[in-house]
Colleague: 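Sharing a structure with you now.
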Amino acid sequence: MARRYDCNDATDRTTGLREAASAVRRGELVVLPTDTVYGIGADAFTSEAVADLLDAKGRGRNMPTPVLIGSPNTLHGLVTDFSEEAWELVDAFWPGALTLVARHQPSLQWDLGDTRGTVAIRMPLHPVAIELLTEVGPMAVSSANLTGHPSPEDCDAAQGMLGDSVSVYLDGGPTPGIVPSSIVDVTGATPVLLRVGALSAEELRKVVPDLEVAN
């Protein structure tokens, strides 16, 4: 049976984060608040757990799972061919609602879906998420909804959809907003805005003036 913890209560938060970290290490699924919507997460390096995550959402491998990290320094072990402009975007907008699509290190033993050698990666601006990520390392995290349903703004909505497929729910109250992160592809010579979300092309161009916008 799923366990739920109120992260607005100091004692419950401490217990919940400990239990969530243990669940992740066991290859189980957890739900956590982020600065956009609630996410369902698993250890990024446990292939079976990532497969369980996709199954829980009813999502195919053709829609690979993004990765959340707790510190920009973690990037050094995960990505390769990361440009100076990519680092400038990290410096300007992390933690926050910017997802970067980068080439991952070919030596990494993970299976996030059909990624074609890339990974969508972000550092969220939410204290509960960052504390968990700092404890367990990179997590595969997708919005905590069934595919085709609205992304959840609170823990009740996430639990109503995912139920006991998740071991631990971390309830941080309503999320600040439902606007998704903006996604920028930094795998090429020029950054390309793939999805406009919380950050507009104009805001991003203040940091990387040559940003292109995908059709």
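Along the sequence shown, the residues carry numbers beginning at 1. Just the heavy atoms: all of them, side chains too, but no hydrogens, waters or symmetry mates, feed the values below.
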Colleague: What closest approach, in Å, do Leu32 and Gly41 show between heavy atoms, and which atom pair accounts for it?
Modeller: CD2-N, 4.2 Å
Colleague: Should Met161 and Pro152 count as side-chain neighbours, where that means a heavy-atom distance under 4.5 Å?
Modeller: yes
Colleague: So, does Ser200 use its side chain to make a donor-acceptor pair with the main chain of Val196 at under 3.5 Å?
Modeller: no
Colleague: Distance from Ile130 atom CD1 to Met123 atom CE, nearest 0.5 Å?
Modeller: 4.0 Å
Colleague: Under a 4.5 Å cut-off applied to non-hydrogen side-chain atoms, are Leu78 and His104 in contact?
Modeller: no
Colleague: Would you kindly confirm whether Ile121 and Trp87 end up in one hydrophobic cluster when ILVMFWY residues are joined by side chain heavy atoms under 4.5 Å apart?
Modeller: yes
Colleague: Taking the side chain as everything from C-beta on, heavy atoms only, tell me whether Met139 gets closer than 4.5 Å to Leu132.
Modeller: yes
Colleague: Are any of the side-chain heavy atoms of Asp43 and Val136 separated by less than 4.5 Å?
Modeller: no
Colleague: Taking atom CG of Leu211 and atom CD of Glu203, what is their separation to the nearest 0.5 Å?
Modeller: 11.5 Å
Colleague: Would you find a donor on one side and an acceptor on the other, under 3.5 Å apart, between the side chain of Tyr5 and the backbone of Thr11?
Modeller: no
Colleague: Would you kindly confirm whether Leu98 and Phe82 end up in one hydrophobic cluster when ILVMFWY residues are joined by side chain heavy atoms under 4.5 Å apart?
Modeller: yes
Colleague: Do Leu100 and Phe93 have side chains that approach each other closer than 4.5 Å (heavy atoms only, starting at C-beta)?
Modeller: no
Colleague: Identify the heavy atoms of Leu162 and Ala56 that sit nearest to each other, and give their distance.
Modeller: CD2-O, 3.7 Å
Colleague: Once you round to the nearest 0.5 Å, how far does CZ of Arg3 lie from CG of Leu170?
Modeller: 10.5 Å
Colleague: So which heavy atom on Val184 is nearest to which on Pro191, and how close?
Modeller: CG1-CB, 3.8 Å
Colleague: Looking only at heavy atoms, what is the nearest atom pair of Leu53 and Ser142, with distance?
Modeller: CD2-CB, 4.1 Å
Colleague: Measuring from Ile69:CD1 to Thr134:OG1, what's the distance to the nearest 0.5 Å?
Modeller: 10.0 Å
Colleague: Say whether Ser181 and Thr99, considering side chains only, have a donor N or O and an acceptor N or O under 3.5 Å apart.
Modeller: yes
Colleague: Quick check: do Tyr38 and Asp156 have side-chain heavy atoms less than 4.5 Å from each other?
Modeller: no
Colleague: Under 30°, 30 to 60°, or over 60°: which ring-plane class applies to Phe45 and Trp110, parallel, tilted or perpendicular?
Modeller: parallel
Colleague: How far apart are the closest heavy atoms of Ala214 and Leu194, and which atoms are they?
Modeller: CB-CD2, 4.1 Å
Colleague: Calculate, to the nearest 0.5 Å, the distance between atoms NE2 and OG1 belonging to His126 and Thr175 respectively.
Modeller: 8.0 Å
Colleague: I'd like to know if Leu112 and Met63 are part of one continuous hydrophobic network [Ile/Leu/Val/Met/Phe/Trp/Tyr, side-chain heavy atoms within less than 4.5 Å].
Modeller: no
Colleague: Under the side-chain contact (heavy atoms from CB on, under 4.5 Å) rule, what do Thr34 and Arg122 come out as? Steps first, then yes or no, please.
Modeller: CA-CA 11 Å; Thr34 78; Arg122 182 168 87 88; 3.8 Å; yes
Colleague: Test your reading of the model: is there a side-chain donor-acceptor pair from Asp164 to the backbone of Ala2, 3.5 Å cut-off?
Modeller: yes
Colleague: Under 4.0 Å between a side-chain nitrogen and a carboxylate oxygen: does that hold for Arg4 and Asp12?
Modeller: no
Colleague: With the side chain counted from C-beta on, respond yes when Pro124 and Leu133 share a heavy-atom pair under 4.5 Å apart, and no when they do not.
Modeller: yes
Colleague: Indicate the atoms forming the closest heavy-atom contact of Val179 with Ala198, along with that distance.
Modeller: CG1-N, 3.5 Å
Colleague: Say you draw a straight line from CG of Leu199 to NZ of Lys206; how long is it, rounded to the nearest 0.5 Å?
Modeller: 10.5 Å
Colleague: Please determine whether side-chain contact (heavy atoms from CB on, under 4.5 Å) holds for the pair Val128 and Arg13, giving the CA-CA distance in whole Å, both sets of side-chain angles, and the decisive distance to 0.1 Å.
Modeller: CA-CA 8 Å; Val128 173; Arg13 171 174 168 155; 4.0 Å; yes
Colleague: Main chain of Ser107, side chain of Gln109: is a donor-acceptor contact present, judged purely on distance under 3.5 Å?
Modeller: yes
Colleague: Is any side-chain heavy atom of Lys57 closer than 4.5 Å to one of Asn145?
Modeller: yes
Colleague: Give a yes or no on this: more than 12 heavy atoms of other residues, nucleotides or ligands lie within 6.0 Å of atom CZ of Arg205.
Modeller: yes
Colleague: Could you please spell out the steps behind the side-chain contact (heavy atoms from CB on, under 4.5 Å) verdict for Val166 and Ile40?
Modeller: CA-CA 8 Å; Val166 171; Ile40 177 174; 3.8 Å; yes
Colleague: Are Val30 and Val141 joined in one hydrophobic group, where the rule is that I, L, V, M, F, W and Y side chains link up if heavy atoms are under 4.5 Å apart?
Modeller: yes
Colleague: Do Val67 and Leu108 share a hydrophobic cluster, counting only Ile, Leu, Val, Met, Phe, Trp and Tyr and linking them when any side-chain heavy atoms are less than 4.5 Å apart?
Modeller: yes
